Amino acid sequence: MTAFNLLSEPIRKYIRDQKWESLRPIQEAAIQRIIATDNNYVLISRTASGKTEAAFLPILSKVNFKEQGVKVLYISPLIALINDQFTRVEKLCAYLDVPVTKWHGEASKGAKDRLIKAPEGIVLITPESLEAMFVNKPYNIHHLFSTLDYVVIDEIHSFLGSDRGIHLQSLLQRLQKVNKNTFSTVALSATVSDEHKYAELKDFLGDPAKTKVIRDIDPKPITAVFKYFEGSVEELPLDLLKDLYIRTRDRKILVFPNARGRVEEVAVKLKKLSEKVGGHTNYFSHHSSVDKEVREYVEFFAKKSTHENFCISCTSTLELGIDIGNVDEVAQIDATHSIASLIQRVGRSGRREGKSSSLFLYATNQWSLLQSAACWLLFKEHYIEPVSINSKPYDVLVHQLLSIVKGSSGITLSKLSEEISGNAAFKNITVEETIEIIAHLTAIDFLEKLGQEYIIGIEGEKVVNTKDFYTLFHTPVFFRVSSQGVKIGELPLSPQIRTDENIYLSARIWKITDIDYESKKIEVMAAKDGNKPRFFGDAADIAPKIRETMLEILMSVEQYDFLDEAGQEAVRQMRKKFSVYDLKSHQTDRPLFSGNDKLTFYSFTGSRVNRTLSFILKRMGIKNELFENESEFELEFSQKSDFMSVFKDVNLNNVNFDHALAELIETSPEVLSFSKWGIYLPVSFQAQLLRHRYFDFEGCNVFLQNLNFVENQ
DNA sequence: GACCTGCTGCGGAGTG
């Protein structure tokens with residue numbers, strides 16, 4: 001039987017009314033399987049290939065909504081995505097008379113109250129709203145979500161390998177526990193590495209044996225053009241902006257300049273160029289520090305512009321599936337930090353069926369060009385970096401312990417540790433470890449033992465009862481920027497923020513007229529000229545494979561026709577620089593340059609291995625400075641022989657890690673800043689957290705074992 | 001130089 005005939009009549013009517021000529025391959029496959037089995041499924045296919053329908057058409061055909069209670073729970077990483085999907089799912093559900101309810105921090109309270117009065121249909125929710133319900137209204141979890149047939153997780157790759165993902169995994173396990181029957185899960189994803197046969201994905205859904213992957217790898221025609229304009233970190237080269245302007249003049253285009261300050265620089269300067277020659281003025285910026293309403297307007301403008309051109313300069317805020325309609329082209333300024341990110345960005349253009357995507361890759365320095373070219377080559381090989389899973393998420397455990405205790409009105413130690421040991425998100429954490437952490441939380445008054453039961457302690461109340469409790473991630477404090485009551489965005493307090501200073505924000509130029517340190521507000525007025533704003537952040541980690549490919553490019557003699565003349569020349573220069581080494585293998589051989597009074601070592605490996613290596617070298621008394629963008633170590637040795645005699649003892653077995661890590665935490669506690677909840681752990685567990693999340697000792701060990709220094713000739 | 005993500009409950013004012 002064809003997939004279409006397996007669907008219920010109302011759903012078939014919906015499809016006929018949409019005038020779809022056929023079902024997409026991923027939909028065909030998903031319908032056949034979801035209707036016939038109770039397996040969990042992960043649907044992998046590119047953006048705008050009908051994944052949402054691939055999940056909902058069969059689920060809506062199969063589920064009996066006449067029964068009491070909510071039957072389908074859809075979980076999304078973004079509010080904006082919930083709002084988009086709500087419109088689509090509601091239209092579909094109108095054919096079945098099934099109600100759909102949005103449940104997130106900005107959703108209507110009235111609609112939530114109506115659902116509580118009559119729990120039914122489909123609910124769209126964020127992990128944090130689900131967490132809030134577990135903590136504050138645990139009875140509502142039972143009341144609303146104990147009759148689930150299906151859980152749908154959108155954009156699951158955005159959760160994979162992150163603390164937020166482990167959090168969600170834990171919530172799903174807790175949700176399953178209150179359900180009368182086992183619910184099935186359907187997860188949707190655009191980009192996931194298959195290096196470990198999707199083991200991380202299958203684990204995530206809790207039941208690997210019952211979890212199947214359906215993948216549609218329909219390669220999309222895509223052309224790339226590289227353009228090299230050497231420039232400074234401070235400002236983009238004018239020639240680059242002029243070249244980019246020509247791209248934006250008569251197209252709908254997204255530009256990804258990697259950093260918020262640069263996003264503003266691009267938007268403001270392109271708009272100025274356009275104004276000068278009388279071009280369109282639809283230049284926008286879109287990133288986390290642009291006011292939410294302004295961002296929504298930009299998304300709305302892009303979606304409704306069928307004939308009007310526009311240019312949105314943006315960060316990863318426009319990487320995920322928010323519907324902004326069709327875009328003709330994507331421009332990337334300097335290298336992406338991952339292939340996964342490149343795939344998402346490329347997927348933003350030519351979304352219309354049969355239309356090919358175009359990609360413009362600009363680079364402003366040689367190393368960035370090299371990284372960009374490596375990402376492009378790997379992209380063409382369909383490579384995606386594997387996600388790194390934290391097998392010992394002690395910090396998420398702290399958070400979930402507090403959540404469980406708060407959600408119960410007193411819980412015994414055995415019941416509490418049983419909740420954790422039965423939760424697959426914490427399967428690699430032993431009962432003894434859990435009990436030790438509970439004891440520590442009690443010692444620091446986060447928990448309190450009352451008779452046989454644990455409740456939230458005095459210090460614990462302070463964190464559990466704030467709205468900041470529901471997330472696993474930190475949020476920095478920013479000053480809100482507005483002009484005469486109109487909200488524009490927000491900025492971090494930096495030396496740059498002074499009265500009379502002129503800055504870019506939301507693609508416009510402003511003069512700061514007043515700063516209110518008390519209420520954290522900045523008042524501005526329109527101005528004619530200024531500077532890009534400064535934000536502070538961490539650079540994302542680069543995968544070892546990207547760095548290896550960069551070395552492979554340097555060792556090769558191939559002429560890449562995707563590079564422009566300046567790019568060809570830049571690659572020639574870099575190859576010349578590295579031609580003094582007789583490199584034979586990009587996997588093991590690494591250049592060691594001895595010149596003046598220092599040695600330079602190019603490791604060409606991932607950020608976490610570099611970080612670990614730098615740490616180990618320092619522990620063993622080898623002073624070094626790491627330049628991550630070049631994957632380069634400067635070593636304080638003038639003679640290679642001196643260095644080698646010390647280096648031969650560099651071995652992971654020669655370092656007492658527990659001691660070294662504890663000392664690191666004591667001397668520089670800021671290394672733990674990546675973990676919001678890790679600060680409440682005993683020091684020995686914090687050391688473990690560093691070991692598994694911040695460093696990569698296993699990877700570094702393999703790197704050292706294979707390492708073959710090659711000296712310049 | 002360096003990404004992103006989300007948010008309860010309650011009180012009080014304003015609106016239909």
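Owing to the predicted nature of the structure, the values given are computational and were not obtained by experimental measurement. Throughout, protein chains are lettered first and strands after them, A, B, ... in sequence-line order, and every chain is numbered starting at 1.
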Indicate for each nucleotide in nucleotides 6-16 of chain B, in 5' to 3' sequence, whether protein heavy atoms under 4.0 Å reach the base (B), only the sugar-phosphate (S), or nothing (-). BBBS-------

Report yes if at least one side-chain N or O of R295(A) is closer than 4.0 Å to OP1 or OP2 of dT5(B); otherwise report no. yes

Minimum heavy-atom distance between I339(A) and I384(A), given as atom pair plus value: CB-CA, 4.4 Å

Identify whether any heavy atom of E319(A) sits under 4.0 Å from a base atom; if not, whether one sits that close to sugar-phosphate; answer base, sugar-phosphate or nothing. nothing

Lys/Arg cation over aromatic F473(A): R164(A), 6.0 Å, 45° cone: no

Does a nitrogen or oxygen in the side chain of R260(A) sit under 4.0 Å from OP1 or OP2 of dG1(B)? no

Cation-pi check, R693(A) onto F674(A) ring (under 6.0 Å, within 45° of axis): no

N629(A) CG to dA2(B) P, straight-line distance once rounded to whole Å: 12 Å

Note: D334(A)-R262(A) ion pair, threshold 4.0 Å (strictly below): yes

Nearest-Å distance for atom pair CG/P, residues D163(A) and dC3(B): 19 Å

Separation of E490(A) atom CD from dC4(B) atom P, in whole Å? 10 Å

Provide the closest heavy-atom pair for A570(A) versus L369(A) in the form atom of the first, atom of the second, distance. CB-CD2, 3.7 Å

Interatomic distance, CZ@R260(A) vs OG@S289(A), rounded to 0.5 Å, equals 4.0 Å

E265(A) CD to dA2(B) C1': how many Å, rounded? 14 Å

Rounded to whole angstroms, how far apart are CZ on F627(A) and C1' on dA2(B)? 17 Å

Starting at CZ of F478(A) and ending at P of dC4(B), how long is that distance when rounded to a whole Å? 8 Å

Between P of dC3(B) and CG of L342(A), the distance in whole Å: 18 Å

Look at the side-chain N and O atoms of R534(A) and state whether any lies under 4.0 Å from the OP1 or OP2 oxygen of dG1(B). yes

Is the phosphate of dC4(B), meaning OP1 or OP2, less than 4.0 Å from a side-chain N or O of T315(A)? yes

Would a distance-only check, ignoring hydrogens and angles, find a side-chain to backbone donor-acceptor pair under 3.5 Å from Y362(A) to P257(A)? no

Between P on dG1(B) and CD on E264(A), what's the gap in Å once rounded to a whole number? 16 Å

